[in-house]
Amino acid sequence: TAGFTAALTSINATPATASVTAAVGASHTVQLLVEGNNGINYTPDVTFVSSAPDKATVSASGLVTGVAAGSTTITVTKGALTDTVAITVT
């Protein structure tokens, strides 16, 4: 019916894996996009948390920035729904 969207049952963060550099440059950051199973962009409405902020940080808007070589997992949360993104920093 018009005006109603499908119930949100899952979220999907893309890219699912990404590589960034610790050094400032073209590949120093990557922007994450979070969409629901209903096709709506939820990027502004989710919470982003880096498991290793000493390796890569993530802003409230989903911008991942490399800090030091290593890896981290970005956990994306909206209510009870979660997804993860694997980040490698070189």
I'd like to know if V85 and V67 are part of one continuous hydrophobic network [Ile/Leu/Val/Met/Phe/Trp/Tyr, side-chain heavy atoms within less than 4.5 Å]. no
Which pairs count as side-chain hydrogen bond (donor to acceptor under 3.5 Å, both in side chains) when at least one residue sits in residues 9-29, sequence neighbours excluded? T9-N37
So which heavy atom on A22 is nearest to which on V89, and how close? N-CG1, 3.7 Å
Atom pair OG1/CD1 of T43 and I11 - distance to nearest 0.5 Å: 9.5 Å
Any side-chain heavy-atom pair of L8 and Y42 under 4.5 Å: yes
Same cluster or not: are V30 and L63 linked, directly or through other Ile, Leu, Val, Met, Phe, Trp or Tyr residues, by side-chain heavy atoms under 4.5 angstrom apart? no
Same apolar cluster (I L V M F W Y, side chains within < 4.5 Å links), I40/V46: yes
Quick one: does K55's side chain have a donor or acceptor within less than 3.5 Å of a partner on A69's backbone? yes
Begin with the C-alpha distance, continue with both residues' side-chain angles, and end with the deciding distance and a verdict on side chain to side chain contact (heavy atoms under 4.5 Å, CB included) for V20 and T65. CA-CA 7 Å; V20 294; T65 303; over 6 Å; no
Intermediate values then yes/no, side chain to side chain contact (heavy atoms under 4.5 Å, CB included), F48 and V34: CA-CA 10 Å; F48 298 93; V34 181; 3.9 Å; yes
Output every pair passing side-chain hydrogen bond (donor to acceptor under 3.5 Å, both in side chains) with a member in residues 66-80, not counting sequence neighbours, ordered by first then second residue. S50-T72, S51-T72
Scanning both residues in full, the closest heavy-atom pair of L32 with P15 reads CD2-CD, 3.9 Å
